[in-house]
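Side chains included, hydrogens not; waters and symmetry mates left out as well; all remaining heavy atoms used.
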There are 2 protein chains.
Amino acid sequence: MASTEFTKRLLTYRLSLLHLKKMGLKDVYSHLISEETGFSAALIRKDFSRIAIQGKRRGGYTIDGILDTIDNYFGDKNINEVVLVGMGNIGKAIARYKDFEKQNICIFAAFDIDPVKQRKKFSIPVYSMDKCPGIISERKIDTGIIAVPALSAQSVCDQLIQYGIKGILNFAPVNLKVPGHIFVSNLSICDELRRVIYHARENPYESK
Amino acid sequence: MASTEFTKRLLTYRLSLLHLKKMGLKDVYSHLISEETGFSAALIRKDFSRIAIQGKRRGGYTIDGILDTIDNYFGDKNINEVVLVGMGNIGKAIARYKDFEKQNICIFAAFDIDPVKQRKKFSIPVYSMDKCPGIISERKIDTGIIAVPALSAQSVCDQLIQYGIKGILNFAPVNLKVPGHIFVSNLSICDELRRVIYHARENPYESK
DNA sequence: TAGATTGTTAATCGATTAACAATC
DNA sequence: TAGATTGTTAATCGATTAACAATC
């Protein structure tokens, strides 16, 4: 239903509102958020009305009200447990990432085929892959992060889906093949950097 | 000119084609790439014709031809030097990332305010920030990666732009404010994960 | 009240798709 | 040749914007 562009915008609004709140503001007008985020005021109002964020005809929106609704929309009021597969460079960085907690996301467990990594001390337990199905079903986990090498990404993906995972954040440079009801987001840092390099040069006087 | 969606698709095609090539294929039809990537055959043909990738009316496209054109389009025939600011979790992961080299991207230098990190051994030299303007102008670097904490991200961003950077890959959870001719890509791992969690639950029978 | 902002409807725009002539 | 695929034009669709009535 909700397009991925829509959810992206919501999180962009959220970030700007947190910033404005830190600056001491309590209320905002759509055109102020527009200035901060680059999206048009009309689009912002439309997005807000879509998730029942209401303003006052003359007084704008209250920042806390918007933040609350957005956080609710994303289910941040409960703890969201996810699993992480692959403890290489990226996996380790994610395991050490602190922002998750603030947003009620918890990397419940990590998995790696390398026993050495399993023995190392992270704040998150690292198991071998055979512990994965048990943990996923026991904790009813529905989201996984794939941070394994390209070669094993599809196979890990297939396994996760078999174990009941419904959403995947994939860092491996592979177009994962998944059934239609599985949501995948591919986050290739390398490709993203190539795009930045390209657009930096191509866009002499044009923004995003 | 080229929308960011367009460049995203090109890199998606590329990934699938590399995969198909590894499987032993030499030629492809638009509908095969469609199957692999999920984009329609018509859109693929239109994208290809836009960057002058030509096929044979009956025989499809040659994989090597497409790959060559795409790599050329992104300037992969030359080495692309970029700078990295911030050697925390993410910065370190990026510094250790090996895929860049394959695609002719080189993290020429990294910067961090912490002298301890500057002394540690990475394959990339780590300097204090005051070395930044010199290196950027000397190597004519136009792209930078920001991997510093949220609080300092805008200030680092302003500095990079002042030094001549035109494109920024930003990992900090901040909506950077930049002049119109600067290209910014925000890659918030945490927000991306939240979106995956959301869409995994929302999308019972619907894909991307 | 006058002025400004929301919330929503209608208009616009651009991107994607459908369709098909060209052609190998 | 018959059949299949490209390349491109016209049609469609959906997302964004413009506009404005409602209202504080």
Hey, is the side chain of R9(B) poking within less than 4.0 Å of OP1 or OP2 on dT16(C), counting only N and O atoms? yes
Could you work out which one of [options] sits closest to the side chain of [X]?
| X | options | result |
| --- | --- | --- |
| R45(A) | dT8(C), dT16(D), dT6(D) | dT8(C) |
| Y61(A) | dA18(C), dT6(D), dT6(C) | dT6(C) |
| S49(A) | dT16(D), dT8(D), dT8(C) | dT8(C) |
| S40(B) | dG7(D), dT17(C), dT16(D) | dT17(C) |

Tell me which of R58(A) and G55(A) sits closer to the 5' end of DNA chain C, going by the nucleotide each one is nearest to. R58(A)
Taking atom C1' of dT6(D) as reference, at what distance in whole Å does atom NE2 of H31(B) sit? 11 Å
Interatomic distance, D27(B) CG vs dT5(D) P [rounded to whole Å]: 12 Å
Test F48(B) against every option in Y73(B), Y61(B), Y29(B) by the ring pair (Phe, Tyr, Trp, His ring centres under 6.0 Å) rule and name the one that passes. Y61(B)
Partner nucleotide, any strand, of dC13(D) [Watson-Crick/G-U, under 3.5 Å]: dG14(C)
If dG3(D) has a Watson-Crick or G-U wobble mate with both distances under 3.5 Å, name it; if not, just say none. dC24(C)
Residue pairs fulfilling salt bridge (Lys or Arg N to Asp or Glu O under 4.0 Å) with at least one residue in residues 162-184 of chain A, sequence neighbours excluded: K177(A)-E36(B)
Tell whether K46(B) reaches the base of dT17(C) with its side chain through a donor-acceptor pair below 3.5 angstrom. yes
Using a distance-only criterion (donor-acceptor N/O pair, under 3.5 Å, no hydrogens), is the base of dT23(D) paired with the side chain of R57(A)? no
Shortest non-hydrogen contact from D112(A) to G86(A)? OD2-C, 3.6 Å
Should the pair D27(A)-K21(A) be classified as a salt bridge under the 4.0 Å nitrogen-to-oxygen rule? no
Nearest heavy atom decides the nucleotide; on that basis, is E5(A) or K56(A) closer to the 5' end of DNA chain D? E5(A)
May I ask you to say what Q54(B) touches in the nucleic acid, namely base, sugar-phosphate or nothing, with a heavy-atom cut-off under 4.0 Å? sugar-phosphate
Six-ring centre of F122(B), R96(B) cation under 6.0 angstrom, axis tolerance 45°: no
